[in-house]
Amino acid sequence: MSDYPVARVADVLAGKVPPGSKVTIQGWVRTRRDSKAGVSFIHVSDGSCFDPLQVVAPNTLENYAKEVQHLSSGCSVVCTGAVTPSPAQGQSVEVQAESVRVLGWVEDPLTYPIQPKKSSYEYLREVAHLRSRTNSFGAVARVRHCLSMAVHRYFHEHGFLWIHTPIVTASDCEGAGAMFKVSTLDLANPPRTPEGKIDFTQDFFGKQAYLTVSGQLNVETYCMALSKVYTFGPTFRAENSNTARHLAEFWMIEPEVAFNDLTADADLAEDFLKYIFKALLNERGDDLKFFADRVDKTCIERVQKFVESSFERVSYTEAIAILDKAPKKFEFPVKWGVDMQSEHERYLTEEYFKKPVVVMNYPKEIKAFYMRQNDDGKTVAAMDVLAPGIGEIIGGSQREERLELLDRRLVEMGLDPKHYWWYRDLRRYGTVPHAGFGLGFERTIIYATGLGNIRDAIPFPRTPGNAEF
RNA sequence: UCCCCGGUAGCUCAACGGUAGAGCAUGUGACUGUUAAUCACAGGGUUGAUGGUUCGAAUCCAUCCCGGGGAGCCA
């Protein structure tokens with residue numbers, strides 16, 4: 001082995017390595033082509049950028065016939081040699097190999113699941129442990145990382161603290177959907193109370209516990225001391241949802257800001273989304289170009305337009321009026337007081353406004369207990385951000401900071417205020433107006449990339465009946 | 001969970017009641033500073049599973065399993 005410094009493919013291709021310098025490249029073979037001129041061209045990817053690096057292996061290498069000519073897609077290699085300008089089209093620089101060492105062979109190239117050709121996303125989901133080696137999933141991973149970092153950078157630069165809210169929760173009424181149960185009890189033979197019910201006092205946490213469906217209630221406690229906070233972590237919904245937009249395990253971003261009202265909340269959502277999409281445009285042009293070429297021609301344009309134009313803002317009442325006058329027959333009739341269906345949201349954002357829309361001030365009956373009641377007595381300070389192509393991407397609200405009104409809503413909705421004792425305490429001790437929202441991270445990714453299914457926006461999708469990997 | 005559509009070679013698909021085929025991939029050879037290279041030849045299949053109808057089923061029927069699209073729930 002030589003002692004040449006290890007270089008990332010991204011740095012070599014970006015010209016950060018001076019021509020003539022000798023480097024070590026570590027990665028996986030994408031394709032190999034042999035030339036009778038006495039060289040083989042090996043495209044090596046290490047995941048650091050979209051494009052692979054061309055390694056030119058001459059037939060004078062001692063393992064040329066025995067090994068180099070048998071390299072197939074997926075083999076892991078360590079190559080050393082000089083970086084030189086490429087005489088041929090297709091790449092600016094390449095590496096003239098002095099050595100090509102094979103670390104791992106593909107034991108049966110015929111049945112290697114990842115072949116250098118188009119494979120369907122459906123098929124690749126069945127080989128999720130290997131799909132990271134494809135152009136598509138490498139690009140998704142880099143986009144996901146880029147957006148993650150941008151999320152943290154935005155909040156950090158704007159004075160927010162990242163709060164690590166718990167994954168396991170014992171409040172069974174977070175109100176955002178069905179929950180997964182967490183237990184160490186023997187399922188076949190659980191301890192029983194005298195009444196014959198399962199005795200959760202003997203369970204690990206001494207009471208029934210669940211996986212969180214939202215960090216919001218917890219993060220509000222930190223908001224009431226640290227002013228600007230956010231969560232960014234996994235959340236879980238045990239809904240039997242089988243759609244291209246739902247996961248049982250997904251990542252959510254939930255900022256919460258003290259002293260903010262609903263308008264400030266919508267302003268934050270807009271400013272924040274534009275920031276992370278700008279970062280994506282600046283940093284991952286190579287991957288976005290791939291998505292534009294292969295997945296969705298309009299994706300770059302869409303993200304650019306998103307960054308440049310302002311969100312449309314309408315009240316729920318106005319939105320209903322627009323839908324009422326729409327020259328279009330809806331399957332579900334539109335009426336003030338009912339929740340909007342997918343077809344309604346789509347019409348607003350895709351046909352009527354043709355851009356992201358913030359719908360604000362929904363009827364209180366169709367929204368959660370913690371949302372702040374407006375003076376009209378009919379609506380709450382809730383907002384949804386609707387985006388063309390995916391529908392609801394953000395759901396948020398100003399929170400009810402007045403204890404009396406909060407309690408009234410709890411009772412109206414059949415909830416027991418006792419179960420929310422610590423949440424209510426926030427209103428008893430130094431309460432202030434505050435607002436926040438939840439952004440589905442994977443939905444953000446499919447919006448930006450044009451991916452058709454949310455299961456391809458997360459490395460290992462969990463959906464009903466699917467947790468193989 | 002409901003409504004549609006689909007499961008055929010390693011992958012993408014064709015054949016739609018009468019001997020199961022192509023492209024890519026793989027192997028061999030030819031050719032070439034090549035670019036998902038090209039050309040020739042070769043190997044490769046209990047047609048998702050189980051029953052049924054039929055002289056005969058990949059094809060028709062039933063049930064189940066798996067996948068996709070749409071709906072609901074939501075982020």
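Below, chains carry the letters A, B, ... as their sequence lines are ordered, and counting in each starts from 1.
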Aromatic centroids of A:Tyr275 and A:Phe155 separated by under 6.0 Å = no

Which nucleotide in B:U1, B:U35, B:G67 has an atom nearest any side-chain atom of A:Glu122 | B:G67

Side-chain atoms of A:Pro87 come closest, of B:G33, B:A37, B:A75, to B:G33

Near-parallel close stack of A:Phe250 and B:A75 base (under 5.5 Å, under 30°) | yes

Between B:C4 and B:A75, how far is it from one P atom to the other, in whole Å?
-> 30 Å

Please give the nucleotide sitting opposite B:C64 as a Watson-Crick or G-U wobble pair, both distances under 3.5 Å, or none.
-> B:G48

Looking only at side-chain N and O atoms, does A:Arg32 come under 4.0 Å of OP1 or OP2 in B:A37?
-> no

B:A25 C1' sits how many Å from A:Arg133 CZ, rounded?
-> 17 Å

Given B:A71, B:G10, B:G69, which nucleotide is nearest the side-chain atoms of A:Asn453?
-> B:G69

Heavy-atom closest contact (A:Arg399 atom, A:Gly436 atom, distance) = NH2-C, 3.2 Å

Kindly say whether, by distance alone, the side chain of A:Asp34 makes a donor-acceptor pair under 3.5 Å with the base of B:U34?
-> no

B:U34 OP1/OP2 closer than 4.0 Å to side-chain N/O of A:Ser40 | no

Can you tell me how far C1' in B:G56 sits from the matching atom in B:A14, rounded to whole Å?
-> 22 Å

For A:Glu254, report the nucleic acid contact type (base, sugar-phosphate, nothing); a contact means any heavy atom under 4.0 Å.
-> nothing

Do the side-chain N or O atoms of A:Arg455 get closer than 4.0 angstrom to the phosphate oxygens (OP1, OP2) of B:G68?
-> yes

Output for pair (A:Phe232 CZ, A:Trp251 CH2), nearest 0.5 Å, gives 6.5 Å

Atom-to-atom span, CE of A:Met252 to P of B:C74 - whole angstrom | 13 Å

Which of these nucleotides, B:U1, B:G10, B:U35, is closest to any side-chain atom of A:Arg33?
-> B:U35

Euclidean distance for C1', B:C24 against B:A37 (whole angstrom) | 13 Å

When you compare B:G17 with B:G23, how far apart are their P atoms, in angstrom units rounded to a whole number?
-> 25 Å

When we call it a touch if two heavy atoms are under 4.0 Å apart, what does A:Gln91 touch: a base, just sugar-phosphate, or nothing?
-> base

Is any side-chain nitrogen or oxygen of A:Ser241 closer than 4.0 Å to OP1 or OP2 of B:C73?
-> no

Cut-off 3.5 Å, side chains only: do A:Glu254 and A:Thr231 have a donor facing an acceptor?
-> yes

Between A:Tyr370 and A:Tyr423, is the ring centre distance below 6.0 Å?
-> no

OP1 or OP2 of B:U12 under 4.0 Å from side-chain N/O of A:Ser120 = yes

Side-chain atoms of A:Glu94 come closest, of B:C11, B:G33, B:G67, to B:G33

Looking at A:Phe330 versus A:His344, is the centre-to-centre ring distance below 6.0 Å?
-> yes

Separation between the C1' atoms of B:C31 and B:A20, rounded to whole Å | 34 Å

For A:Leu247, report the nucleic acid contact type (base, sugar-phosphate, nothing); a contact means any heavy atom under 4.0 Å.
-> base

Look at the side chain of A:Glu126 and decide which nucleotide, out of B:U28, B:U34, B:G67, has an atom nearest to it.
-> B:G67

Closest to the 5' end of RNA chain B, once A:Pro464 and A:Asp384 are matched to their nearest nucleotides, is A:Pro464

Pairing nucleotide - B:G43, Watson-Crick or G-U, each distance under 3.5 Å | none

Report which part of the nucleic acid A:Ala37 touches: base, sugar-phosphate, or nothing (heavy-atom distance under 4.0 Å, all strands).
-> sugar-phosphate

Between B:U38 and B:U47, how far apart are the C1' atoms? Round to whole Å, please.
-> 33 Å

Identify whether any heavy atom of A:Phe41 sits under 4.0 Å from a base atom; if not, whether one sits that close to sugar-phosphate; answer base, sugar-phosphate or nothing.
-> base

How far, in whole Å, is B:C64 from B:G72 if one measures between their P atoms?
-> 26 Å

For B:G23, what is the paired nucleotide under Watson-Crick or G-U wobble rules, both distances under 3.5 Å?
-> B:C11

Of the listed B:A36, B:G33, B:C73, the closest approach to the A:Thr243 side chain comes from B:C73

With a non-hydrogen cut-off below 4.0 angstrom, is A:Gln96 in contact with a base, only sugar-phosphate, or nothing?
-> base

Paired with B:U1: which nucleotide, if any, by Watson-Crick or G-U wobble criteria at under 3.5 Å for both distances?
-> B:A71

More 5' along RNA chain B: A:Ala244 or A:Phe441, using each one's nearest nucleotide?
-> A:Ala244

Name the closest nucleotide to the A:Thr31 side chain, picking from B:G72, B:A75, B:A37.
-> B:A37

Got a sec: does the CZ of A:Arg294 have more than 12 other heavy atoms crowding it under 6.0 Å?
-> no

Would you kindly give the NE2-to-P distance between A:His43 and B:G33, to the nearest whole Å?
-> 15 Å

Closest of B:G67, B:G72, B:G33 to the A:Gln341 side chain is B:G72

Do the two ring centres, one from A:Phe311 and one from A:Phe306, sit under 6.0 Å apart?
-> yes

Checking only heavy atoms, does the side chain of A:Arg443 share a donor-acceptor pair with the base of B:C74 at less than 3.5 Å?
-> yes

When the P atoms of B:G70 and B:C11 are considered, how many whole Å apart are they?
-> 25 Å

Select one nucleotide: of B:A75, B:A71, B:U35, the one nearest the side-chain heavy atoms of A:Arg245.
-> B:A71

Within the 6.0 Å centroid threshold, strictly below: A:Tyr420 and A:Phe369 | yes

